[in-house]
Amino acid sequence: MTTETQERELTDGFHLIIDAMKANDIDTIYGLVGIPITDLARLAQAEGMRWIGFRHEANAVNAAAIAGYLTKKPGIAMTVSAPGFLNGLVALANATVNCFPMIMISGSSEREIVDLQQGDYEELDQLNAAKPYVKAAYRINHVEDIGIGMARAIRAAVSGRPGGVYLDLPAKLMGQAMDAIKGQKSIVRVVDAAPDQPPSPESVKRALEVLKSAKRPVIMLGKGAAYAQVDAEIRELVEKTGIPYLSMSMAKGLLPDNHPQSAQAARSYALAKSDTVLLIGARLNWLLSHGKGPTWGGTDHKDWAEKKFIQIDISAQEMDSNVPIDAPLVGDIGSCVKALLAGLGDFQKPAAEWTGAIVEKREANIAKMAKTLDANPSPMNFHSALRAMRDVLKTRPDVYLVNEGANTLDYARSIIDMYQPRKRLDSGTWGVMGIGMGYAIGAAVTSGLPVVALEGDSAFGFSGMEVETICRYNLPVTVVIFNNNGVYRGCDVNPTGGADVAPTVFVKGSRYDMLMTAFGGVGVTVTTPDELAKALAEGIASGKPTLINAVIDEKAGTESGRISHLNPTSAATKK
Ligand code: ADP
């Protein structure tokens, strides 16, 4: 509550929306102004909040989503009505799918006209359009409900399984006036927005029994484990049990990737040969081959392997989603991990036969990969470019790494080691393209730390205009574009011999670096690993907006990266 507000006899929707956010320690809004939220944005800034303005709503919403993931507070995005709302909706759905807590607030047109479909400016029934894609959706119709409406949105975003929330604010609401004192009393400060949810004692006992009887156990850490921010307890569980562990991509760095118990470079072996898997905040979705089939030691893709699963998740519905879960541990990860630690007793670490076999496999795979990484082809390929980046990033474990693309994503995930939790931010559960600049801006604004956004040239295109935003706020973001002239690669040809290039091909030799210089940032084109390493180190050290256009062999790269099996192909196009 501001003194200024107290002195006014009346307050209005504009002020109460801002007051409700500030009362809940929300200090930043990611958005794009226009009718009817321009004055709301101005007021937010005037009242001391940070307004980060974007060039497209999807990027603002992605920034808010990643801010939510990194801080465990709801990230806030704000858009205009209908088209702005729809532009943001893709990213809001992506936040929900990834379990990131955020609230997208959109201004909307007059209810009476929308509901009778009488054709208002930017008319759309936004509340109902949002519902299938979010964890919760609310509309506030009366000024006195702003406090409660905001409280409901905050609690829905962060409690239980976090997710995206939509909050609809009709234009008329903002101008509604009410008594200032009553208005302040209507503001709700949410108490304990995401309460601990300890698991039941029986479920802990059951999980410990299964874990203790395992001969070849493995722990799988997912981004839920990273989100929970109980890094010390997770490390203690891994180290006290001596169980080899694997990390899903955004959980990399929760324990450093060079930890002696890491089975990362022996992933296929560990998944197929293990007899028991402890999943911590990781879903058995497509990214884990649904927990069945050859990846897990089964014979065909529907086969349930002889394997026991223990799963920690805050959502009870997640259990048995793909395969039977022998020991479900439903609760928040902090409480569940602490309960397991408390019951470990004289836990027998797995036999050296198992852990030794993993280490042997891991070292053999690392040695094999080293040969590929050390080759120095000209032009550069993904491997030699990534070797250069890996070596620079190893010296700066505090740097955030945003990563998207097909090959650029797949290779970077396995080649670039992470050493600190929540530093790797990528395409996530959908494997979506377009998160790049939004996540980079969200991470930089939230942390003030340097960010490197490693982008395939195609992936970058979805959010590329935000380089202007990066320059406008002078953010410490270095964008690296692996430029191989196209989607997947740049050497496909049009079989008809016509003038149009093939569907996967871009303008050859594009100078993405000039996009950054256009707005006052630093732009560099590099063609060798040494040049790339130098430019990257300089970009990070300078803290200046930098874009490195890294020219990669246009023949490097495979169709759809590592998920080409999901891409139906026609025999006809192979001719
Ligand atoms: P990944 O893609 O890394 O495998 P997923 O997004 O599939 O990770 O899984 C994350 C899981 O973590 C979700 O099922 C979600 O319900 C769960 N989760 C998120 N936060 C918590 C928490 N604090 N405690 C317990 N489970 C959580």
Side-chain angles (χ1 to χ4, degrees), residues 65-66 68-74 93-102 135 155-164 192-200 203-204 207 218-231 233-234 237 245-255 257 264 267 271 277-291 295-296 309-323 325 328-340 403-404 409 413 418 421-432 435 439 563:
I66 214 64
Y69 170 72
L70 292 173
T71 63
K72 298 185 87 176
K73 287 196 304 187
N94 184 58
T96 307
V97 165
N98 280 281
C99 316
F100 297 159
M102 68 158 298
K135 187 175 168 196
R155 204 175 273 285
V158 294
S159 63
R161 172 183 276 179
D192 196 10
D196 285 351
Q197 290 181 223
S200 74
S203 65
V204 176
V218 66
I219 293 176
M220 174 63 77
L221 303 171
K223 62 178 168 311
Y227 173 77
Q229 298 198 14
V230 286
D231 311 335
E233 288 83 354
I234 287 175
L237 182 71
Y245 74 94
L246 292 158
S247 310
M248 297 302 288
S249 69
M250 280 180 62
K252 272 165 70 78
L254 189 44
L255 276 84
D257 276 341
Q264 203 73 0
R267 189 176 189 272
L271 292 183
V277 183
L278 168 56
L279 298 160
I280 308 184
R283 286 171 284 186
L284 285 173
N285 55 19
W286 69 283
L287 290 161
L288 280 173
S289 308
H290 305 283
T295 307
W296 294 88
F309 284 100
I310 306 163
Q311 182 164 19
I312 301 182
D313 205 291
I314 203 151
S315 164
Q317 264 178 289
E318 194 53 46
M319 305 299 157
D320 307 324
S321 60
N322 286 271
V323 297
I325 300 299
L329 256 189
V330 176
D332 69 282
I333 286 167
S335 302
C336 292
V337 169
K338 280 181 210 150
L340 289 180
N403 188 198
E404 62 175 336
L409 177 78
R413 187 175 48 227
M418 305 306 294
R422 294 170 293 284
K423 292 292 182 182
R424 189 184 153 80
L425 312 170
D426 67 24
S427 303
T429 305
W430 263 350
V432 72
I435 49 88
Y439 281 10
I563 50 173

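Source: prediction; values computed, not measured. Start at 1 and go down the list; that is how both ligands and their atoms are numbered.
One finds the CD atom of Q197 at 12.0 Å from the CZ atom of R161 (value rounded to the nearest 0.5 Å).
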Quick one: do L340 and L237 satisfy side chain to side chain contact (heavy atoms under 4.5 Å, CB included)? Show the steps, please.
CA-CA 8 Å; L340 289 180; L237 182 71; 4.1 Å; yes
Could you walk me through whether Y227 and L70 satisfy the side chain to side chain contact (heavy atoms under 4.5 Å, CB included) test, starting with their C-alpha distance in whole Å, then the side-chain angles of each, then the deciding distance to 0.1 Å, before giving a yes or no?
CA-CA 7 Å; Y227 173 77; L70 292 173; over 6 Å; no
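Nearest heavy-atom pair, V277 versus M220, reported as atom, atom and distance to 0.1 Å: CG1-CB, 4.5 Å.
In this structure, atom 13 (C) of ligand 1 lies nearest to the protein heavy atom D313 OD2, 3.3 Å. Atom 18 (N) of ligand 1 has as its closest protein heavy atom G224 CA, 4.0 Å. Here the heavy atom of the protein found nearest to atom 4 (O) of ligand 1 is M248 CG, 3.2 Å. The nearest heavy-atom contact from the protein to atom 23 (N) of ligand 1 is A228 CB, 4.0 Å.
For the pair E318 and ligand 1, the shortest N or O to N or O distance does not fall below 3.5 Å. Polar contact with ligand 1: absent for S315 (N/O pair, distance under 3.5 Å). An N or O contact shorter than 3.5 Å links I314 to ligand 1 by distance. Checking only distances, K223 does come within under 3.5 Å of ligand 1, N or O to N or O.
Defined by atom type and a distance below 3.5 Å, a donor-acceptor pair is missing between the side-chain atoms of K223 and S249. Checked by atom type, the side-chain pair N403/R413 shows no donor-acceptor distance below 3.5 Å.
Residues passing the side-chain hydrogen bond (donor to acceptor under 3.5 Å, both in side chains) test with N322 are H290, sequence neighbours excluded.
Residue-ligand proximity, G222 to ligand 1, at heavy-atom distances under 4.0 Å covers atoms 3 (O). Proximity to R283 (heavy-atom distance under 4.0 Å) selects the following atoms of ligand 1: 4 (O), 5 (P), 6 (O), 7 (O), 9 (O), 13 (C), 14 (O). Counting the atoms of ligand 1 from 1 in the order shown, those under 4.0 Å from a heavy atom of T429 are 6 (O). The G281 neighbourhood of ligand 1 comprises atoms 8 (O), 9 (O), 10 (C), 11 (C), 12 (O), with distances under 4.0 Å to a heavy atom of that residue. Residue Y227 has at least one heavy-atom neighbour below 4.0 Å for each of these atoms of ligand 1: 20 (N). Atoms of ligand 1 found under 4.0 Å from any heavy atom of N285, numbered from 1 in the order shown, are 7 (O).
In this structure, T71 contributes its side chain and K73 its backbone to a donor-acceptor pair below 3.5 Å.
A 4.5 Å side-chain heavy-atom check between E318 and L284 finds every atom pair outside the cut-off.
With respect to the salt-bridge test (charged N to carboxylate O, under 4.0 angstrom), the residues R422 and D231 qualify.
Here atom 24 (N) of ligand 1 lies nearest to I333 when heavy atoms of V337, D426, I333 are compared.
For G331, the heavy-atom gap to ligand 1 drops under 4.0 angstrom.
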